[in-house]
Amino acid sequence: MASQVEIVNRALQKLGGPYIVSISDNNEQGRAAARCWATARDRLLAAHPWNVAMARASLAAHATAPAFGYANAFPLPANCLRVWEIGDGCPPWPWTVENHAGAPAILTDMEAPLDIRYVARIETTGFWSAGFVEGMATVLAAELAPALTNSEGRTRTLQAEAAAVLSEGKRQDGQEGAPEQTPDGAWLDSRL
């Protein structure tokens with residue numbers, strides 16, 4: 001799949017600007033891409049449960065319980081961008097993500113170990129799907145446009161293009177795998 005430089009150059013192509021050889025190029029394009037890359041990548045990954053970014057973990061409880069409100073705190077994995085689901089979803093336990101002892105953690109009354117699904121930071125571009133790569137290039141182009149083109153119109157056009165490209169990428173991504181089944185529960189049974 002596409003490398004970081006290929007993705008940046010795809011973004012620069014959309015801007016009509018010169019290409020880079022490395023993300024550390026000491027020119028306007030390289031410096032701008034280096035400033036925007038990590039934030040754009042993480043924002044895009046966290047915006048959707050991309051198949052390539054979904055991960056599972058079984059978390060141990062923190063030694064210190066929250067001060068009030070919940071029985072347990074579970075420190076998040078270092079690469080966690082967004083918690084998608086905790087436990088098996090039945091019954092739906094209340095939970096929140098907050099700072100606990102200086103790090104992000106899931107606070108809940110559930111017992112350890114806590115099984116979660118989360119959106120992970122995937123830095124290896126070779127794992128990204130074609131739809132995600134094109135979405136990243138377009139989002140990056142929209143991020144770079146103000147600094148490299150000084151054109152509000154070009155920025156708006158690229159933002160609209162990014163929305164369309166991402167919509168298509170998400171649609172394709174959602175067609176991989178079997179649909180998730182929601183288990184029957186007390187709420188559904190009460191309606192019968």
Side-chain angles (χ1 to χ4, degrees), residues 1-17 19-20 23 32-57 76-90 92 95-97 104 106 115-149 151-185 187-188 191:
M1 289 310 270
S3 70
Q4 180 185 38
V5 170
E6 290 170 327
I7 296 167
V8 170
N9 282 335
R10 176 76 175 123
L12 293 172
Q13 177 185 11
K14 291 174 180 290
L15 295 172
Y19 295 161
I20 63 168
I23 191 77
R35 279 192 310 271
C36 295
W37 178 266
T39 302
R41 177 202 61 217
D42 289 355
R43 191 182 74 197
L44 186 56
L45 283 167
H48 175 74
W50 300 96
N51 295 331
V52 70
M54 291 305 293
R56 295 169 189 254
L76 292 175
N79 68 342
C80 179
L81 295 174
R82 178 179 175 192
V83 176
W84 191 255
E85 176 181 51
I86 71 166
D88 62 7
C90 243
W95 61 279
T96 189
V97 175
I106 296 172
D115 294 333
I116 69 166
R117 290 181 63 219
Y118 66 98
V119 177
R121 176 179 296 109
I122 304 298
E123 296 180 22
T124 306
T125 61
F127 296 143
W128 295 355
S129 68
F132 187 86
V133 166
E134 186 62 20
M136 178 64 179
T138 311
V139 165
L140 193 59
E143 292 280 329
L144 295 172
L148 299 180
T149 67
S151 169
E152 288 184 31
R154 186 72 182 130
T155 301
R156 281 193 301 275
T157 299
L158 285 164
Q159 288 169 338
E161 182 182 336
V165 166
L166 290 173
S167 179
E168 175 65 16
K170 290 175 184 180
R171 186 187 64 74
Q172 289 174 0
D173 192 67
Q175 292 174 352
E176 291 182 343
E180 292 184 23
Q181 299 295 321
T182 304
D184 291 346
W187 181 84
L188 181 61
R191 302 220 3 131

Exercise for review: Report the C-alpha distance between Leu15 and Leu158 in whole Å, list the side-chain angles of each, state the deciding distance to 0.1 Å, and finish with yes or no for side chain to side chain contact (heavy atoms under 4.5 Å, CB included).
Suggested key: CA-CA 9 Å; Leu15 295 172; Leu158 285 164; 3.4 Å; yes
Review point. Between Trp128 and Ile7, is a side chain to side chain contact (heavy atoms under 4.5 Å, CB included) present by the stated rule, with each step listed?
Key: CA-CA 11 Å; Trp128 295 355; Ile7 296 167; 3.5 Å; yes
Review point. Can you check side chain to side chain contact (heavy atoms under 4.5 Å, CB included) on Phe132 and Ile122, steps first, answer last?
Key: CA-CA 11 Å; Phe132 187 86; Ile122 304 298; over 6 Å; no
Point to revise | Intermediate values then yes/no, side chain to side chain contact (heavy atoms under 4.5 Å, CB included), Cys80 and Val119 | key: CA-CA 6 Å; Cys80 179; Val119 177; over 6 Å; no
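In this structure, Ser3 contributes its side chain and Glu6 its backbone to a donor-acceptor pair below 3.5 Å.
Gln4 contributes atom CD, which lies 7.0 Å from atom OG1 of Thr125 (distance to the nearest 0.5 angstrom). Note that CG of Asp42 and CG of Leu81 are 5.0 Å apart. Values are rounded to the nearest 0.5 Å. Distance check: Gln172 CD to Trp50 CH2 gives 9.0 Å after rounding to the nearest 0.5 Å. The CD atom of Glu134 lies 9.5 Å from the CG atom of Leu166; values are rounded to the nearest 0.5 Å. Taking CZ of Arg82 as the reference point, atom CZ of Arg121 lies at 15.0 Å (rounded to 0.5 Å). Expressed to the nearest 0.5 Å, how far CG of Leu140 lies from CG of Leu12 amounts to 7.5 Å.
A salt bridge links Arg43 to Glu143: at least one charged side-chain nitrogen sits closer than 4.0 Å to a carboxylate oxygen.
Outside the 6.0 Å centre-distance limit, the rings of Trp84 and Tyr118 are not counted as a close aromatic pair.
Within the 4.5 Å cutoff, the side chain of Tyr19 has no heavy atoms near those of the Val5 side chain. Counting heavy atoms from C-beta on, the side chains of Ile106 and Thr96 never come closer than 4.5 Å. Residues Met136 and Trp37 are in side-chain contact: their nearest non-hydrogen atoms beyond the backbone lie under 4.5 Å apart. Side-chain contact between Pro104 and Leu76 is present, with at least one heavy-atom pair separated by less than 4.5 Å.
Counting all heavy atoms, side chain and backbone alike, Ala120 lies closest to Ala55 at CB-CB, 4.1 Å. Between Ala162 and Val139 the shortest heavy-atom distance is CB-CG2, 4.0 Å. Contact between Lys170 and Ala47 at its shortest, heavy atoms only, is NZ-O, 4.1 Å. When every heavy atom of Pro77 is checked against every heavy atom of Ile116, the shortest pair comes out as CD-CD1, 4.2 Å. Minimum heavy-atom separation, Ile23 to Ala33: CD1-CB, 3.6 Å.
The list of side-chain hydrogen bond (donor to acceptor under 3.5 Å, both in side chains) pairs with a residue in residues 151-161, not counting sequence neighbours, reads Lys14-Glu161.
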